[in-house]
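Start at 1 with the first residue, then count along the sequence.
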Amino acid sequence: RGSGLRTLITFKYVRWRNFLSTGNNFTEIQLDRNSTTLIIGENGAGKSTILDALCFGLFGKPFRGINKAQLVNSVNMSGAMVEVEFEIGSKKIKVVRGIKPNVFEIYVNGKMYNQDANVRDYQKYLEQQILKLNYRSFTQVVILGSSTFIPFMQLKSRHRREVVEEILDIQIFSLMNMLLKQKLKANADDIRDVEYNTSLTEEKVDLQENYIDEIKKNKDKLLEEKTTLLSSNSKEVHIRLAKIGEFKYNIDSLLKEISDADSVKSKYQKLQSIKSTLNEKHRAHSSTINFFETNEDCPTCQQHISKLFKNDIIKEKRKDTDKISQGLSELKNELEKYKERQKQIIEIADKIREHEVQIAKDNESILQLEKFNSRLQTEINQLEHADVNKNDYEKLGELKSSLINFTEQKSKLIEDKTYSETARNMLQDTGIKTKIIKQYLPIMNKLINTYLTSMEFYVNFTLDESFEETIKSRHRDDFSYSSFSEGEKMRIDLALLFTWRAVAKMKNSANTNLLILDEIFDSSLDGTGTDEFLKILNTLGGENVFVISHKQDALADKFRSTIKFDKIKNFSHVVD
């Protein structure tokens with residue numbers, strides 16, 4: 001894949017609102033105006049927000065270790081929005097991403113890209129088809145931060161390789177390797193299926209050939225067996241038909257026994273209704289008796305109730321109550337009789353259902369026996385008129401043809417497997433990619449050492465094919481990255497950063513106008529290192545470098561422009 005496949009990514013603008021400490025008005029930074037820009041401000045003023053805004057806008061996650069929910073401004077609590085604009089060749093791209101509500105939109109030349117895909121696929125389209133950069137490569141080539149950034153030398157070997165593959169534009173081989181791995185798995189499944197089908201078909205061929213031989217040898221024996229079986233099945237059909245007739249007769253008899261079911265149910269319900277009425281009357285009379293037995297005066301009109309009147313009423317109501325009690329007793333006996341009859345009816349109905357289930361079973365058995373008999377009769381007719389059925393020979397021919405097809409399929413699958421395994425061996429880390437990396441390693445190592453020398457750090461730094469480092473001093477003493485001071489480590493990190501950018505431009509795989517350095521001058525680089533690094537910055541052509549720093553006094557006159565952030569009433573602003 002030659003150079004020229006990827007055009008320079010020119011970042012134009014980034015703007016944000018309700019994002020971290022920024023309020024509802026957009027903060028906008030033009031990214032391609034000046035070659036060098038210093039971003040200054042007190043701690044917490046919001047000067048590093050540009051890093052999180054860029055990473056969140058492009059990759060959906062901030063540069064620093066901040067939860068997504070914490071990205072929304074804690075005062076306004078909603079409407080967080082980030083927009084990033086950039087150009088790739090003739091295409092003008094704008095990415096819009098928001099939280100509360102969630103928004104993710106990609107515009108190409110003013111037209112929004114189809115959003116039918118889910119968010120993950122939409123992000124994959126942005127990274128693989130437009131940017132052709134992932135988060136890790138972006139933060140190795142475009143951004144270098146002193147706090148949350150993980151320098152190349154602190155990455156695991158596997159992740160180091162991913163970064164270099166992305167920069168060299170050879171990650172396609174990893175994708176091809178993964179696809180081949182999936183293809184080989186599918187191929188193994190197909191071979192297993194074909195082998196199973198081959199074995200199964202071989203058994204069917206043997207069975208069909210044995211069947212034809214058996215027919216030729218045992219025609220009379222087969223005729224006798226099938227005729228006997230046909231006769232036996234016919235007898236069984238007659239037996240089951242007789243049983244069905246007996247069940248139907250019993251059902252008719254049982255139905256006659258419960259012909260009074262509806263009238264019994266109706267009478268039972270009427271008697272229950274009468275019982276309820278009598279119980280209500282009994283309660284009413286008892287209540288009246290209780291009233292006159294316990295009251296001397298009328299509680300309503302306050303008049304005295306005479307004893308003679310009370311006795312007459314009580315006597316009359318007790319007489320009525322006795323009659324009702326007698327009626328209830330007789331009614332109870334009658335209800336018990338009908339209840340017992342209903343129980344008998346339910347038992348008989350259950351017997352009827354049992355007979356009906358058995359009839360259904362016998363009918364199904366008869367149906368299956370008649371189907372089997374029909375097939376037996378066909379086979380008997382074939383045996384009587386021919387030695388072997390023509391269909392049997394045709395079936396044998398079809399099975400043999402299938403066996404040939406399965407054998408050919410297996411042969412082709414094994415051939416595909418051989419080619420795929422050969423291709424996969426070439427695409428693994430020790431294959432094509434290693435050869436490409438070997439070609440670029442001398443260039444990388446030369447660039448790294450050139451940048452180290454430019455920063456007056458005189459060591460020989462070498463990366464091997466596994467991206468493990470060897471560091472030797474002028475006196476050939478061996479060092480490791482971890483043995484250096486923070487300032488020396490920073491020089492190495494910067495040398496690697498500029499090397500990746502140079503290789504990316506050379507390969508045209510991760511070519512951007514933007515470089516952002518977060519507070520690297522404020523801790524690890526001493527005065528000499530800072531001056532030497534600034535010399536390197538001034539040699540970069542076509543770059544837009546942003547440096548975030550506390551050292552306003554020491555650095556302000558060394559940059560083309562300065563952007564100052566300040567926090568006013570808990571909101572970050574750019575100060576003119």
Side-chain angles (χ1 to χ4, degrees), residues 189-259 261 345-411 413:
D189 293 340
D190 290 341
I191 289 174
R192 186 170 59 251
D193 290 343
V194 167
E195 287 176 342
Y196 171 77
N197 287 327
T198 300
S199 175
L200 190 64
T201 306
E202 286 173 345
E203 289 181 11
K204 288 181 178 179
V205 167
D206 289 341
L207 286 171
Q208 188 67 11
E209 287 177 340
N210 291 337
Y211 173 71
I212 291 171
D213 290 341
E214 285 296 314
I215 288 176
K216 290 177 180 177
K217 294 175 184 176
N218 302 302
K219 176 182 173 183
D220 294 338
K221 182 181 177 183
L222 285 169
L223 271 171
E224 183 181 352
E225 288 175 355
K226 291 179 186 296
T227 302
T228 302
L229 186 55
L230 182 67
S231 175
S232 173
N233 288 346
S234 298
K235 287 179 182 177
E236 182 64 23
V237 168
H238 287 303
I239 291 168
R240 291 185 181 273
L241 284 171
K243 284 172 67 180
I244 289 171
E246 186 178 340
F247 283 130
K248 287 182 176 179
Y249 176 80
N250 289 340
I251 288 171
D252 290 339
S253 300
L254 291 169
L255 285 170
K256 288 177 184 178
E257 288 183 31
I258 60 171
S259 59
I345 289 169
I346 290 169
E347 290 174 353
I348 293 170
D350 288 342
K351 286 182 182 178
I352 291 171
R353 278 192 291 274
E354 288 174 7
H355 288 341
E356 288 172 343
V357 169
Q358 195 58 51
I359 288 171
K361 287 181 180 178
D362 284 335
N363 276 327
E364 179 62 24
S365 298
I366 289 169
L367 180 64
Q368 295 303 321
L369 285 167
E370 287 177 341
K371 284 182 181 178
F372 186 36
N373 279 354
S374 176
R375 192 162 68 249
L376 281 172
Q377 188 61 57
T378 301
E379 291 171 359
I380 289 169
N381 292 338
Q382 289 172 347
L383 286 168
E384 287 177 341
H385 294 92
D387 289 338
V388 179
N389 191 337
K390 180 183 176 183
N391 290 337
D392 290 324
Y393 283 119
E394 290 177 351
K395 183 177 179 181
L396 180 61
E398 289 171 0
L399 288 169
K400 287 182 175 180
S401 177
S402 296
L403 189 58
I404 292 170
N405 287 336
F406 287 134
T407 304
E408 290 175 352
Q409 284 181 36
K410 182 180 177 181
S411 176
L413 286 167

- request: Can you measure from CD1 (I244) to CG (D362) and round to the nearest 0.5 angstrom?
  value: 5.0 Å
- line: Heavy-atom closest pair (I345 atom, I258 atom, distance to 0.1 Å) is CA-CG2, 3.9 Å
Atom pairs and distances, side-chain donor-acceptor, residues 223-233, under 3.5 Å, sequence neighbours left out:
from	atom 1	to	atom 2	distance (Å)
K226	NZ	E379	OE1	2.7
T227	OG1	L223	O	2.6
T228	OG1	E224	O	2.8
N233	ND2	L229	O	3.4
N233	ND2	N373	OD1	2.9

Smallest separation among heavy atoms of L399 and K204, with atom names: CD1-O, 3.7 Å
- line: Closest non-hydrogen atoms of I251 and I352, given as atom of the first, atom of the second and distance, are CG2-CG2, 4.1 Å
query: Quick one: which of L200, T201, D193 gives a side-chain contact (heavy atoms from CB on, under 4.5 Å) with F406?
result: T201
Anything under 3.5 Å between a donor and an acceptor, one on a side chain of residues 365-372, the other on a protein residue two or more places apart or in another chain? List them.
from	atom 1	to	atom 2	distance (Å)
S365	OG	K361	O	3.1
Q368	NE2	E364	OE2	2.9

message: Could you check whether any side-chain N or O of S411 sits under 3.5 Å from a backbone N or O of T407, counting only pairs where one atom can act as donor and the other as acceptor?
response: no
- prompt: When rounded to the nearest 0.5 angstrom, what is the spacing between NZ in K235 and CZ in R240?
  reply: 15.5 Å
task: Report yes if some heavy atom in the side chain of E394 is under 4.5 Å from a heavy atom in the side chain of N391; otherwise report no.
output: yes
message: Nearest 0.5 angstrom please: N250 CG to Q358 CD, how far?
response: 12.0 Å
field: Heavy-atom check, side chain of E408 versus side chain of N405, under 4.5 Å
entry: yes
- prompt: Can K351 and E347 be counted as an ion pair, charged N to O under 4.0 angstrom?
  reply: no
- prompt: Hey, are E209 and K400 close enough for a salt bridge, meaning a charged N less than 4.0 Å from a carboxylate O?
  reply: yes
task: Using the ring-ring contact (aromatic ring centres under 6.0 Å, His included) rule, collect all pairs that involve residues 216-247, keeping only residues at least two apart or in two chains.
output: F247-H355
- line: So CD of E398 and CG of L403: to nearest 0.5 Å the spacing works out to 13.5 Å
